[in-house]
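Just so we're on the same page: letters track the sequence lines, and every chain starts at 1.
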Amino acid sequence: MSLSHRLPHAAAAAVDPYYVYAPHPDPQRQGVLTLFVAGLPDDVKPREIHNLFSHRPAFDHCLLEYTGRANQVVAFVTFFTHEAALSAMTSLNGTIFDPETGYRLHIELAKSTSRRPRGGGEVYRVIDKRTNKTEGNADENVGDEVDEEVWGGDEDGANDDNGDGESDEPSGTENENSSDKNELPADQSDQPRHKKQNGKSLSNDGRDKSSNDIPPCSTLFIANLGDTCTKDELNEVLSKEPGFDVLKMRRRGGMPVAFADFTDIESSTAAMNSLQGTVLASSDSDGLHIEYARSKMRKS
DNA sequence: AGCACA
């Protein structure tokens, strides 16, 4: 039934050597108690986030947000101390959240600490901006308006962090009231909803999960790069993906494109899913467009 | 939409 017979190292890798973080990567985020969590499948439930993080030491509270952009879902998890947040980040970052799709958690410090929920902490806090709940939800609340009531996190003075691209990957935004739409991080969206697609097992022809026509390949084709994008900038992001091997960039006249090779198709698929739509500092539109390459990279 | 290297 499931593909358990060909699971690689899958869920076993809760901690990943690729996700070793420097103790203080960004001075701007040093006091922050909240983690920003991306790489979540669109059918994720608040309970799942809570179950995953609430057993961590010094856990405080968490919030799940269906952003309404693409199929993106992000979470904000707050701890009582900065160290506890970092600890949870390093041990859970890179965790395969859904072995069937290869989605991996991408965790970083949030831009600012989430405000404490007012009343109690028992209820799952959710912001749901989705207008069309096609996936993973039985009930249809189509006329649902955006709930923006919770959380107006705006007391931070830290906004633009375009310093010297140290791990410059985009971070989540907490200002859902803001009109800025350029702060969305990883966007694993590309799964076009089939007519009767239910969140769980895709009854596909049995192959591609994201790229539509191109068969899976351990090399990824990366497009929609800003014209100022450098190989180093791209490398920064890709090197955090497990199994990443070689990056080649070329600009053929127009916009640059890149090819990233991974050790295997599982890795390239997971990387594609988690990096799809990632907005780099050099990006100017929708972020990275990633597909399987049409042919595997040759090395010599 | 844009897919090279040998």
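Residues forming a side-chain contact (heavy atoms from CB on, under 4.5 Å) with A:Thr230 (at least two apart in sequence, or on another chain): A:Asp232, A:Glu233. Residues passing the salt bridge (charged side-chain N to carboxylate O under 4.0 Å, His left out) test with A:Arg294, sequence neighbours excluded: none. Remark: A:Asp261 engages A:Ser218, A:Thr219, A:Lys296, A:Lys299 in a side chain to side chain donor-acceptor pair (under 3.5 Å) (not counting sequence neighbours).
Heavy-atom distances to DNA chain B give each of A:His289 and A:Met297 a nearest nucleotide, and the one nearer the 5′ end belongs to A:His289. DNA chain B is contacted by both A:Lys296 and A:Val257; A:Val257 maps to the nucleotide lying nearer its 5′ end (nearest heavy atom per residue).
Taking the 5' to 3' direction, DNA chain B first and last meets chain A under 4.0 angstrom from a heavy atom at B:dA1 to B:dA6.
Using a 4.5 Å cut-off between side-chain heavy atoms of Ile, Leu, Val, Met, Phe, Trp and Tyr, A:Met255 forms no hydrophobic cluster with any other residue. Under the 4.5 angstrom side-chain criterion for Ile, Leu, Val, Met, Phe, Trp and Tyr, the cluster partners of A:Val257 are A:Phe221, A:Val246, A:Phe259, A:Met297.
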